[in-house]
2 protein chains.
Amino acid sequence: MAGTTTTRRTVAEKNDARRIQLAESALRTLGELGYARTSLREIAHNSEFTHGVVHYYFRDKHDLIVTGLRHYKAQCVTRYDDVVATATGADELADGFVDKLVETIVDEAPMHRLWYDLRAQSMFEVELREAVLTIDATLEQMIWRVLTRYAELVGRAVRVPSAAAYALLDGLFQQALLGHLTDRAEALVDLGVHVRDLLPHLLEPSA
Amino acid sequence: MAGTTTTRRTVAEKNDARRIQLAESALRTLGELGYARTSLREIAHNSEFTHGVVHYYFRDKHDLIVTGLRHYKAQCVTRYDDVVATATGADELADGFVDKLVETIVDEAPMHRLWYDLRAQSMFEVELREAVLTIDATLEQMIWRVLTRYAELVGRAVRVPSAAAYALLDGLFQQALLGHLTDRAEALVDLGVHVRDLLPHLLEPSA
DNA sequence: CGATTTTCTTGACATTCGTCCAAACTCTTG
DNA sequence: CAAGAGTTTGGACGAATGTCAAGAAAATCG
């Protein structure tokens with residue numbers, strides 16, 4: 001019985017590991033081709049497995065993509081936590097935040113465009129909504145942590161609601177991503193300028 | 001000769017009319033199903049023509065969708081021009097602008113989600129980029145007209161670049177659209193509050 | 001009206017898609 | 001080692017896709 005449970009856990013762990021492995025592979029392919037043009041066969045082809053395996057580990061296409069989405073969430077949530085934790089001044093935090101924003105656009109552009117793709121898809125496909133809204137809320141909280149810490153360091157209170165702050169920054173980010181992907185050289189610099197300009201305006205005016 | 005030219009023009013006009021008719025039908029279907037799941041057959045089925053006609057008037061699928069996109073641009077450009085032209089005070093302009101924003105989300109949600117869908121697609125498909133960037137620039141100018149008039153009425157200069165202002169408002173708009181489509185009742189009210197709150201911060205501080 | 005051009009219908013084509021399945025293979029366990 | 005569960009393979013399926021072409025139908029013009 002003890003041996004059985006050990007085995008069972010190992011088997012289950014292996015199963016989970018494969019699921020994550022396939023989900024990550026799916027994310028890579030989706031990030032390259034986009035939701036519309038990514039097939040299960042293409043995902044399998046870009047992994048080390050055959051297309052049949054995908055259906056052994058995932059009920060259907062939605063199961064695979066939603067699993068990938070949830071896995072993606074776990075990665076990006078902590079993106080700015082280091083900056084928040086280590087920054088000792090408001091400007092240092094703002095600079096570090098902007099640097100990370102630019103860095104992630106450069107390094108992870110495919111994942112970001114996939115996110116915007118899937119968020120747009122969720123406006124059409126009900127099956128995607130729950131996962132998208134969950135991640136959206138998580139990203140909003142991530143931004144909120146940066147902003148409240150920034151306010152703390154400045155010594156002023158945050159003026160705008162969490163949702164508004166996230167929407168504003170997301171608008172800037174999305175524009176920069178589109179600009180970066182369409183070879184507008186100044187897109188990343190502009191992002192930094194605009195974000196640095198915006199941040200103080202999200203706080204209460206100084207007394 | 002005179003008769004021929006008359007006929008030729010009539011023929012060309014008829015051809016253009018059909019193209020627009022089909023492009024509009026395509027936009028309706030795309031707005032319902034999204035880019036990923038819309039087929040030429042479905043577009044034709046939702047129109048009064050058969051799928052063969054689509055290929056008589058359009059070279060291929062891209063030709064149809066890009067034509068639809070350009071047609072869409074012409075419609076939405078003038079959306080806020082009335083408000084800009086008739087408003088006599090800053091608050092009146094801001095209120096009218098916000099009302100129009102909310103109104104268009106309610107009335108034309110399918111077209112808006114299609115726009116965000118296609119803009120996301122343009123990050124993957126090079127063929128869509130030119131049309132998307134053109135429309136994006138047009139929308140930015142549309143917002144800029146509202147904002148400069150608003151600044152004029154307030155008596156202060158606009159502080160942020162055109163692109164940043166557009167990105168910020170677009171972020172709020174996109175969030176409101178997603179909220180509206182996912183039955184978050186307060187989404188539209190929040191949009192109004194956030195936009196009204198943002199507008200003054202886009203201007204130079206009062207001297 | 002007859003001839004010619006333009007427009008539309010219909011069916012076919014090669015692909016590709018998601019899904020499923022039977023058989024082969026791999027590994028753990030008794 | 002043998003048995004069995006778990007995993008992987010590769011092919012098959014029907015459905016749907018974009019594209020195309022041949023011919024019917026309609027409109028136009030001499």
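Proteins get letters first, then strands, A, B, ... in listed order; numbering begins at 1 in each. What you see is a predicted model, and the numbers here were worked out from it, not measured in a lab.
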Practice item. Could you tell me whether A:Arg113 and A:Glu108 make a salt bridge, using a distance below 4.0 angstrom between a side-chain N and a carboxylate O? Key: no

Review point. How about A:Tyr57 and A:Asp63: does a side-chain donor come under 3.5 Å of a side-chain acceptor?
Key: no

Check your understanding: Are A:Thr29 and A:Glu42 close enough, and set up right, to give a side chain to side chain donor-acceptor pair (under 3.5 Å), and what steps lead you there?
Key -> CA-CA 7 Å; A:Thr29 305; A:Glu42 191 65 27; over 6 Å; no

Exercise for review: Grab the CZ-P distance between B:Arg18 and D:dA27 for me, whole Å please.
Suggested key: 10 Å

Revision key, fill the gap. Under a 4.0 Å heavy-atom cutoff, the residues of residues 121-131 of chain B touching DNA chain D are none

Practice item. Specify the separation, in whole Å, of atom NE2 of A:His55 and atom C1' of C:dG18. Key: 5 Å

Check your understanding: Can the positive tip of B:Lys61 be found less than 6.0 Å from the middle of the six-membered ring of B:Tyr35, inside 45° of the ring normal?
Key -> yes

Check your understanding: At under 4.0 Å, does any side-chain N or O of B:Tyr56 touch on OP1 or OP2 of C:dC8?
Key -> no

Study note, to complete from the structure: From CZ of A:Arg19 across to C1' of D:dT8 the rounded distance in Å is 17 Å

Study note, to complete from the structure: Going 5' to 3' through nucleotides 10-17 of chain D and flagging B where a protein heavy-atom sits under 4.0 Å of the base, S where only the sugar-phosphate is that close, and - otherwise, we get BBB----S

Review point. Salt bridge check: are B:Lys100 and B:Asp82 linked by an N-O gap of less than 4.0 Å?
Key: no

Practice item. From the options C:dT9, D:dT7, D:dT8, select the nucleotide whose nearest atom is closest to the side chain of A:Phe49. Key: D:dT8

Check your understanding: A:Glu127: what forms a salt bridge (Lys or Arg N to Asp or Glu O under 4.0 Å) with it, not counting sequence neighbours?
Key -> none

Check your understanding: How about A:Asp170 and B:Gln175: does a side-chain donor come under 3.5 Å of a side-chain acceptor?
Key -> no

Practice item. Assign A:Tyr57 to base, sugar-phosphate, or nothing according to its heavy-atom contacts below 4.0 angstrom with the strands shown. Key: sugar-phosphate

**Study point:** Closest contact, heavy atoms only, A:Leu199 versus A:Ala94
**Key:** CD1-CB, 3.9 Å

Point to revise | Nucleotide D:dT7, atom P - distance to CZ of A:Phe58 in whole Å | key: 13 Å

Exercise for review: Could you tell me the separation between the CG atom of B:Asn15 and the C1' atom of C:dC8, rounded to a whole number of Å?
Suggested key: 13 Å

